[in-house]
2 protein chains.
Amino acid sequence: MLELAILGFLYDAPLHGYVLRRHIAALTGHVRPVAESTLYPAIKRLEKAGLLVRATEPGAVAAPRHVLTLTEEGGRELMRRLAEPAQREITDENHWFTLLAFLRHLADPAAQAAVLRRRLAFLEEPASFFYDGDRPLSAEELDDPFRRGVLTIARATSRAELAWLRDTLASLDGVGR
Amino acid sequence: MLELAILGFLYDAPLHGYVLRRHIAALTGHVRPVAESTLYPAIKRLEKAGLLVRATEPGAVAAPRHVLTLTEEGGRELMRRLAEPAQREITDENHWFTLLAFLRHLADPAAQAAVLRRRLAFLEEPASFFYDGDRPLSAEELDDPFRRGVLTIARATSRAELAWLRDTLASLDGVGR
DNA sequence: GCACGATACCTCGTAAGCGAGGTATAGCGT
DNA sequence: ACGCTATACCTCGCTTACGAGGTATCGTGC
């Protein structure tokens with residue numbers, strides 16, 4: 001998820017670590033902050049894998065900067081990660097939102113639609129958080145107000161997302177034809 | 001999050017690892033599956049910390065079971081984790097939902113309300129996923145349909161949750177008076 | 001002249017999660 | 001007799017993440 005965000009931001013423009021950190025904080029920081037000690041090693045991993053290169057520049061304001069530029073391989077890797085996300089990227093909202101934030105980079109509308117359809121299939125599966133044996137329980141069946149909250153909120157999210165998915169898929173299909 | 005779920009389920013009744021695993025899978029598995037190689041070490045951690053005890057029972061169906069029972073210290077630890085959750089438990093929906101699933105165990109309505117109010121404060125902070133400098137962008141200002149989706153979905157979730165939070169807080173305050 | 005905050009990057013030890021793989025038992029179909 | 005599936009638990013090595021702490025530069029206010 002972090003690596004995807006790094007690749008996604010760098011695809012737009014070369015950045016140095018500090019600015020990248022602020023971009024990532026803006027994107028997911030209110031929900032899941034990223035520590036510096038997580039970001040810098042992640043950058044090194046991606047550099048070692050040949051997905052980005054670092055160029056040292058004298059710091060405009062303070063210490064020298066390491067400007068990060070995506071390599072061609074890095075661009076290809078981003079496309080792979082966007083087009084063929086792991087199942088976790090589809091099911092976990094945190095991951096999914098990060099993927100959506102950069103899905104526009106995947107130029108092909110059909111490929112974008114294919115990813116959305118995987119999310120659609122996931123949301124259409126009957127699933128709950130609470131079960132009576134194998135039968136999913138609805139909010140109305142629960143006494144516990146907190147568990148009822150979970151289902152109420154999840155249902156509202158699911159509805160909004162299904163509507164958006166169907167809308168967006170329709171317009172992507174329109175472009176494709 | 002995983003440890004909270006273990007403590008939460010065991011607070012209801014002693015369970016052995018395999019059943020616990022299915023409970024956890026039902027609760028969060030569709031979004032974020034938990035591997036066996038994560039669960040069993042987690043159980044051992046909690047045992048080592050004195051939060052639960054294991055008793056070997058001949059397996060009813062197959063191999064011998066390790067029935068897990070919460071200790072008093074384990075019960076107290078659960079209450080602590082429910083009453084004073086880390087900020088991540090409040091902001092990250094995955095964590096938050098897990099917390100909500102067991103918040104009923106916290107018997108005091110005032111303590112429950114205090115936790116809900118922390119979530120309320122978080123949701124009331126103006127925050128976006130996308131910014132123009134420091135200014136949060138609204139869905140309407142975005143060209144990118146996927147980023148627009150993120151904001152549309154997040155807004156629907158936020159609305160539903162705010163309504164539920166205010167309702168539930170009102171009825172908790174009613175009980176407290 | 002100097003403390004302070006912001007910029008900019010880094011290392012280290014520890015914790016947590018995961019996939020791959022292993023061990024066993026019991027029951028069922030063929 | 002044999003394989004298959006479900007139950008039930010475990011270890012190992014690898015990767016990722018995090019907090020604590022460190023280093024250095026520059027501009028601003030006092």
Side-chain angles (χ1 to χ4, degrees), chain A residues 1-7 14-26 28-29 31-49 51-68 81 86-89 91-92 94-95 98 134, chain B residues 1-7 14-25 28-29 31-49 51-68 81 86-89 91-92 94-95 98 133-134:
Chain A
M1 205 181 100
L2 175 58
E3 293 183 1
L4 181 66
I6 296 171
L7 297 175
L15 296 171
H16 60 274
Y18 198 80
V19 170
L20 185 57
R21 182 162 143 69
R22 279 200 281 107
H23 279 34
I24 291 170
T28 56
V31 169
R32 185 182 268 272
V34 172
E36 282 189 18
S37 50
T38 306
L39 177 62
Y40 287 113
I43 290 170
K44 288 205 168 166
R45 276 203 303 279
L46 296 176
E47 189 196 14
K48 209 173 164 188
L51 305 183
L52 56 83
V53 287
R54 288 200 287 182
T56 306
E57 246 185 31
V61 187
R65 298 165 164 180
H66 289 177
V67 175
L68 311 172
R81 293 189 191 210
Q87 194 56 17
R88 171 72 59 80
E89 316 287 318
T91 61
D92 187 325
N94 295 145
H95 292 239
T98 303
D134 277 343
Chain B
M1 206 180 99
L2 175 58
E3 294 184 0
L4 182 65
I6 295 172
L7 297 174
L15 296 170
H16 60 273
Y18 198 81
V19 171
L20 186 57
R21 183 162 143 69
R22 280 200 280 108
H23 279 36
I24 291 170
T28 56
V31 169
R32 185 183 266 274
V34 172
E36 282 189 19
S37 50
T38 304
L39 177 63
Y40 286 112
I43 290 170
K44 290 207 166 165
R45 277 202 303 279
L46 296 176
E47 190 195 14
K48 209 174 162 186
L51 306 182
L52 57 82
V53 287
R54 288 199 286 182
T56 305
E57 248 185 32
V61 188
R65 298 164 164 179
H66 289 177
V67 175
L68 312 172
R81 292 189 192 209
Q87 195 54 20
R88 172 73 56 84
E89 316 287 318
T91 62
D92 187 324
N94 294 146
H95 292 239
T98 303
D134 277 342

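Throughout, protein chains are lettered first and strands after them, A, B, ... in sequence-line order, and every chain is numbered starting at 1. Note that this is a predicted model, so its numbers are computed, not measured.
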(message) Less than 4.0 angstrom between a side-chain N/O of His16(A) and OP1 or OP2 of dT7(C), yes or no?
(response) no
(request) Measure from NZ on Lys48(A) to P on dC14(D) and round the result to the nearest Å. (result) 13 Å
(message) Regarding Arg45(A), tell me which of base, sugar-phosphate or nothing describes its non-hydrogen contacts under 4.0 Å with the strands shown.
(response) sugar-phosphate
(request) Would you indicate what Arg22(A) reaches in the nucleic acid, counting non-hydrogen atoms under 4.0 angstrom: base, sugar-phosphate, or nothing? (result) nothing
(request) State which residues pass side-chain hydrogen bond (donor to acceptor under 3.5 Å, both in side chains) with His95(B); sequence neighbours excluded, sorted by chain then number. (result) Glu89(B)
Atom pairs under 3.5 Å: protein N/O with N/O of nucleotides 18-20 of chain C:
from: dC18(C); atom 1: OP1; to: Arg88(A); atom 2: NH2; distance (Å): 3.1
from: dC18(C); atom 1: OP1; to: Pro33(B); atom 2: O; distance (Å): 3.4
from: dC18(C); atom 1: OP2; to: Thr38(B); atom 2: OG1; distance (Å): 2.6
from: dG19(C); atom 1: N7; to: Ser37(B); atom 2: OG; distance (Å): 2.8
from: dG19(C); atom 1: O6; to: Ser37(B); atom 2: OG; distance (Å): 3.0

(message) Just to verify, what does Thr38(B) make a side-chain contact (heavy atoms from CB on, under 4.5 Å) with, not counting sequence neighbours?
(response) Leu2(B), Val34(B), Ala35(B)
(message) Tell me every residue that passes side-chain hydrogen bond (donor to acceptor under 3.5 Å, both in side chains) with Asp92(A), counting only those two or more places apart in sequence or in another chain.
(response) Arg32(B)
(request) Sequence neighbours left out, what passes side-chain contact (heavy atoms from CB on, under 4.5 Å) with Arg21(A)? Give chain and number order. (result) Glu36(A), Leu39(A)
(message) I'd like to check the side-chain hydrogen bond (donor to acceptor under 3.5 Å, both in side chains) partners of Arg22(A); sequence neighbours left out, ordered by chain and number.
(response) none
Pairs under 3.5 angstrom, nitrogen or oxygen only, protein versus nucleotides 21-25 of chain C, please.
none

(message) Let's see if you can work this out: which of dA6(D), dC10(C), dC9(C) has an atom nearest to the side-chain heavy atoms of Arg54(A)?
(response) dC10(C)
(message) Checking Pro14(B) now: which residues fulfil side-chain contact (heavy atoms from CB on, under 4.5 Å) with it, not counting sequence neighbours?
(response) Val67(B), Thr69(B)
(request) Find which nucleotide of DNA chain D each of Ala42(A) and Tyr40(B) is nearest to by heavy atoms, and output the residue with the more 5' nucleotide. (result) Tyr40(B)
(request) Looking only at side-chain atoms of Lys44(B), point me to the closest of dC10(D), dG17(C), dC9(C). (result) dC10(D)
(request) Calculate the interatomic distance between Gln87(B) atom CD and dC18(D) atom P; express it in whole Å. (result) 15 Å
(request) Quick one: list whatever passes ring-ring contact (aromatic ring centres under 6.0 Å, His included) with His23(A), sequence neighbours left out. (result) Phe9(A)
(message) If you compare all heavy atoms of Leu68(A) against all heavy atoms of Gly17(A), which two are closest, and at what distance to 0.1 Å?
(response) CD1-N, 4.1 Å
